[in-house]
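Start at 1 and go down the list; that is how both ligands and their atoms are numbered.
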Amino acid sequence: MLTVKDLKDIKGKVAVVRVDFNVPLKGGEIRDDNRIVAALPTLQELIGKGARLVLLSHLGKISYKLSDEEIEAAKAKNNLAPVAVRLGELLGQPVDFCPVTRGPELEEKVKNLKDGGVLLVQNTRYEKGEEKNDPEIAKIWADLADLYVMDAFGSAHRAHASTYGIPSILKEEGKPVAIGYLVEKEVSALTRCVDVSDSDRPYVAILGGFKVSDKIKVIDSLLKKCDKILIGGAMAYTFIKAQGGKTGNSPVEDDQLDYARKCLEEAKGRILLPRDSVVANGFEDWTDKKTVPSDQIPDGYQGLDVGPETIKEYSEVVKGAKMVFWNGPLGVFEQDAFQKGTIAICEAVKEIPDAFTVCGGGDSAAAIKQFGYSDDFSHVSTGGGASLEMIENDGHLPGIDIVR
Ligand code: AMP
């Protein structure tokens with residue numbers, strides 16, 4: 001796969017770069033600029049080589065099933081303009097912004113770019129055809145480009161016009177397509193988690209979060225690769241009920257009980273379930289909490305975190321690992337009373353600095369950031385959905401395969 005580093009003689013060439021600037025905005029203010037910062041190495045490399053940068057990104061959601069008025073309101077809310085300002089500050093050079101996604105104004109702005117100049121185009125989802133990989137808009141954007149760079153890992157699991165349509169067209173035209181530094185780092189870390197070498201064993205996966213049904217494919221895939229899978233979070237109770245345990249009012253997906261049984265059978269002891277749980281008589285408005293065996297949760301109580309025995313057992317397993325892949329918090333980490341399980345995993349990872357440890361993004365990345373452990377992981381993915389799909393699909397994602 002070609003990377004930005006390999007691109008030669010691109011001075012004066014128009015590089016269309018798909019970045020992930022899907023930042024949290026409130027009233028037009030950027031609340032967290034991590035994603036903009038993460039794109040800088042690739043952008044600086046291209047600027048240094050004298051390319052003319054046209055940046056494309058989506059921002060938020062725009063549903064075209066709504067009324068015209070609602071669509072306009074969603075567009076106003078998801079306007080990328082503030083990102084151009086912040087990017088300019090971070091790059092230390094002006095960044096031009098094009099408020100439209102096609103037409104003469106865009107063409108003019110691209111024509112006016114100087115070598116090393118940067119233009120950010122309005123939210124790709126202003127185009128109805130973006131998410132459908134509509135060939136018309138893909139061609140409009142591809143026609144602006146002499147080359148294409150994919151650096152939006154968080155969007156690489158989606159075959160949209162900006163992530164799939166453009167590179168397909170450019171490849172047919174014989175133009176260079178490459179990945180950026182951010183995608184290169186993600187691919188290298190997550191490929192290691194799917195093509196497991198002997199030196200990375202024992203390989204331990206930790207899966208938590210809410211639903212088993214969201215994680216079926218990833219469980220299937222990890223069962224083929226891991227030495228142990230530690231299960232926590234709400235999804236644990238579906239497994240515990242499948243084994244005949246009493247789960248009280250814990251959230252259980254009854255339609256996944258057969259699947260959970262099948263996994264436990266296939267795993268032959270490699271899946272570990274929480275022995276004990278911290279339970280409460282409510283989710284947010286609880287008045288009583290206690291620790292009980294996970295298969296003896298009283299009626300009226302629900303499991304909200306793993307208990308101390310589980311913490312001890314899971315921590316030991318993690319500390320013995322050479323490689324760890326983690327997705328999903330072990331408890332309701334948003335509440336102080338149910339953070340211990342998730343923090344214990346962070347602590348165990350901190351104690352194995354020589355192991356290769358990957359946090360799969362999404363809620364678990366938010367949790368480790370909140371608790372201050374991000375630097376203790378070898379890799380923290382920037383794409384929750386994309387990293388899960390990469391594991392599920394044995395290292396393949398449409399937006400990355402197309403630039404191979
Ligand atoms: P997911 O998006 O599937 O990774 O789920 C993350 C969410 O699951 C977080 O908001 C957690 O608060 C929640 N969660 C984790 N453990 C539990 C639990 N035992 N009961 C209810 N929610 C949980």
Side-chain angles (χ1 to χ4, degrees), residues 24 154 157 205-222 229-242 245-256 259-260 272-286 288-311 314 324-346 358-371 377 380-392:
H157 55 315
I206 306 154
L207 292 178
F210 202 69
K211 279 177 156 181
V212 176
S213 49
D214 284 350
K215 308 226 160 117
I216 287 181
K217 284 207 276 174
V218 82
I219 299 173
D220 282 344
S221 171
L222 289 170
I229 302 182
L230 313 179
I231 296 200
M235 64 185 267
Y237 301 102
T238 298
F239 283 88
I240 286 166
K241 185 166 177 188
K246 187 172 173 321
T247 51
N249 288 30
S250 307
V252 165
E253 286 168 278
D254 284 312
D255 56 347
Q256 298 301 332
Y259 172 74
L272 268 59
L273 299 174
R275 289 175 188 277
D276 55 349
S277 290
V278 181
V279 303
N281 60 343
F283 183 74
E284 266 170 340
D285 50 352
W286 54 272
D288 184 38
K289 94 177 159 78
K290 53 191 174 186
T291 301
V292 298
S294 300
D295 57 357
Q296 294 169 44
I297 301 178
D299 290 336
Y301 285 77
Q302 57 182 302
L304 294 169
D305 196 6
V306 295
E309 271 187 49
T310 310
I311 285 180
Y314 282 15
V324 172
F325 174 78
W326 180 18
N327 185 284
L330 294 204
V332 185
F333 74 96
E334 297 92 341
Q335 294 188 46
D336 293 352
F338 310 112
Q339 297 174 339
K340 286 205 176 86
T342 303
I343 292 176
I345 296 295
C346 295
V358 175
C359 172
D363 272 313
S364 2
I368 66 168
K369 191 172 176 204
Q370 179 182 326
F371 301 135
F377 285 75
V380 182
S381 177
T382 54
S387 70
L388 271 189
E389 280 197 32
M390 185 128 185
I391 301 273
E392 289 168 10

Handout entry: Heavy-atom pair with the smallest gap, counting every atom of Gly328 and Lys215
Key = CA-NZ, 4.3 Å
Problem - Shortest protein contact, atom 17 (C) of ligand 1 (heavy atom only) - result: Ala234 N, 3.3 Å
Problem - Heavy-atom nearest neighbour in the protein, as seen from atom 23 (C) of ligand 1, with distance rounded to 0.1 Å - result: Val332 CG2, 3.5 Å
Exercise for the section: Using distance alone, with no hydrogens and no angle criterion, decide if Ser213 and Glu253 have a side-chain donor and acceptor under 3.5 Å apart. Expected result: yes
Exercise for the section: Give yes or no for whether the N/O distance cutoff of 3.5 Å, strictly under, is met between Pro329 and ligand 1. Expected result: no
Problem - Proximity to ligand 1 by part of Met235, non-hydrogen separation under 4.0 Å - result: neither
Problem - Considering all heavy atoms, the nearest Tyr301-Asn281 contact - result: CD2-N, 3.6 Å
Problem - Contact (N/O only, under 3.5 Å) between Glu334 and ligand 1 - result: yes
Handout entry: Distance-only N or O hit between ligand 1 and Phe210, under 3.5 Å
Key = yes
Exercise for the section: Check each atom of ligand 1 against the heavy atoms of Gly303 and keep those under 4.0 Å away; list them by number with element. Expected result: 18 (C), 19 (N), 20 (N)
Handout entry: Non-hydrogen side-chain atoms of Tyr314 and Ile206 separated by less than 4.5 Å
Key = no
Practice task
Can you establish whether the number of heavy atoms outside Lys211 located under 6.0 Å from its atom NZ is more than 12?
Solution key: no
Handout entry: Nitrogen or oxygen atoms of Gly209 and ligand 1 under 3.5 Å apart
Key = no
Exercise for the section: Give the contacting part of Asp363 toward ligand 1: side chain, backbone, both or neither, where contact means a heavy-atom distance below 4.0 Å. Expected result: side chain
Completion exercise
Closest non-hydrogen contact found for Ala260 with Ala242 is CB-CB, 3.8 Å
Problem - Donor-acceptor contact below 3.5 Å, side chain Asp305 vs main chain Val278 - result: no
Exercise for the section: Could you find the nearest protein heavy atom to atom 15 (C) of ligand 1 and give me its residue, atom name and distance? Expected result: Gly331 O, 3.3 Å
Practice task
Report the part of Lys215 (side chain from C-beta onward, or backbone N, CA, C, O) that has a heavy atom under 4.0 Å from ligand 1; answer both or neither where that applies.
Solution key: side chain
Handout entry: Verdict with supporting geometry, Trp326 and Thr342, side chain to side chain contact (heavy atoms under 4.5 Å, CB included)
Key = CA-CA 11 Å; Trp326 180 18; Thr342 303; 3.7 Å; yes
Handout entry: Lys246 vs Asp299 side-chain heavy atoms within contact, under 4.5 Å
Key = yes
Problem - Residue portion contacting ligand 1 (non-hydrogen atoms closer than 4.0 Å) for Phe338 - result: neither
Practice task
Give a yes/no on ligand 1: does Gly362 have at least one heavy atom closer than 4.0 angstrom to it?
Solution key: no
Completion exercise
ligand 1 to Phe283, heavy atom cutoff 4.0 Å, flagged ligand atoms 21 (C)
